[in-house]
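Working notes for the structure below.
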Amino acid sequence: MRFDVLSIFPDMFQAVTGQGVTGRGHQQGLWSCRVWNPRDFTEDNYRRIDDRPYGGGPGMVMLPGPLGLALDAANRDRAPAAPAPVLLLSPQGRRLDQALVSELASQPALTLIAGRYEALDQRFIDRRVDLEVSAGDFVVSGGELPAMLLIDALVRRIPGVVNDGESVLQDSFEDGLLDCPHYTRPESFEGMEVPAILLSGNHARIARWRRERKLEITARRRPDLIEAARSSGRLDAVDLRFLASLAAQLDKPPVDPL
Ligand code: 9D3
């Protein structure tokens with residue numbers, strides 16, 4: 001998979017190209033990332049990439065000219081490969097979730113635009129952007145971190161990037177439920193013991209225990225995900241019976257609720 005990124009902070013992307021599983025995959029050539037800096041496509045002596053908003057108001061607006069030239073350069077560099085969808089990371093965008101990640105994962109190439117300042121000139125968005133994507137309902141200082149969230153979420157699904165392909169399939173949200181708790185050595189830590197069933201060697205009972213813990217933590221923290229799993233038929237009769245027994249307890253919360 002290939003990413004072309006427009007950003008005035010190219011060095012930030014070393015966080016995904018140079019570290020961890022995404023870094024290893026990049027080194028192995030399983031994906032690539034080229035960053036195009038709009039400042040390199042300015043034509044004035046001051047290398048301006050922003051200006052004051054028409055109509056007044058706070059903040060600065062990114063100039064459409066350097067963004068357009070940077071995007072043209074990325075498209076020339078990728079040609080004759082098929083044109084790539086252009087995504088703008090934006091607080092006004094479609095909220096990123098695993099369903100959107102899955103939709104985008106089929107693309108061989110994506111162009112990501114990470115803005116700074118208050119906004120981009122709307123004419124650039126109207127003419128050149130296919131989809132606006134938000135990382136969530138909170139404010140960060142620019143589109144780079146949201147762009148890297150998206151890159152990481154896509155790259156870890158490329159076969160060979162995460163060693164154990166199974167752990168990608170078992171990820172939270174691939175089955176729409178939160179993960180169960182995990183334990184490793186020592187058996188006793190600060191007076192707390194590993195749940196005995198995990199030491200029992202009874203793999204059928206361990207699998208059932210993990211399934212129940214997933215259902216329990218999801219029901220407590222994200223009842224919306226239980227409802228989605230229920231209505232899309234991802235819960236079997238045993239799951240539903242367990243959730244019914246949980247419901248009684250959840251209606252009478254424990255002494256120390258989460
Ligand atoms: C006053 C209106 N603000 C919009 C909510 C201004 C503003 C704040 C922060 C404009 C741009 C930014 C920079 N953020 C992003 O570019 C961004 C973002 C975000 O702030 N939150 C979640 N997802 C994203 S994707 C890009």
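For ligands, and for the atoms within them, numbers begin at 1 and follow the listed sequence.
Using a 4.0 Å cut-off between heavy atoms, Ala135 contacts ligand 1 through both its backbone and its side chain. Counting heavy atoms closer than 4.0 Å to ligand 1, residue Arg116 contributes nothing at all.
Salt bridge status for Asp40 with Arg47: present, with a side-chain N to carboxylate O gap under 4.0 Å. Using a 4.0 Å cut-off between charged nitrogen and carboxylate oxygen, Asp239 and Arg211 count as a salt-bridge pair.
Looking only at protein heavy atoms, the nearest one to atom 3 (N) of ligand 1 is Glu118 OE1, 4.3 Å. In this structure, atom 24 (C) of ligand 1 lies nearest to the protein heavy atom Pro146 CG, 3.7 Å. Remark: minimum distance from atom 5 (C) of ligand 1 to any protein heavy atom is reached at Pro91 CB, 3.8 Å.
Trp209 does not carry Arg205 over the face of its six-membered ring by the limits of under 6.0 Å from the centre and within 45° of the normal.
Ser200 is linked by a side-chain contact (heavy atoms from CB on, under 4.5 Å) to Ile197, Asn202, Ile206, counting only residues two or more places apart in sequence or in another chain.
The two atoms that bring Leu67 and Pro38 nearest to each other are CD2-CG, 3.9 Å, heavy atoms only.
Taking only nitrogen or oxygen atoms, main chain and side chain alike, Val140 reaches within less than 3.5 Å of ligand 1. For ligand 1, none of its N or O atoms has an N or O atom of Val133 under 3.5 Å away.
Remark: Thr17 OG1 to Arg24 CZ distance equals 14.0 Å, nearest 0.5 Å. The distance from atom CD1 of Ile151 to atom OG1 of Thr22, rounded to the nearest 0.5 Å, is 9.0 Å. Atom CG of residue Leu177 and atom CZ of residue Arg234 lie 7.0 Å apart, to the nearest 0.5 angstrom.
Applying the 4.0 Å criterion to heavy atoms of Ser134 picks out, from ligand 1, the atoms 22 (C), 23 (N). Proximity to Val139 (heavy-atom distance under 4.0 Å) selects the following atoms of ligand 1: 8 (C), 9 (C), 20 (O). Applying the 4.0 Å criterion to heavy atoms of Ser90 picks out, from ligand 1, the atoms 25 (S), 26 (C). In the vicinity of Phe138, heavy-atom distances shorter than 4.0 Å reach the ligand 1 atoms 19 (C), 20 (O), 21 (N), 22 (C).
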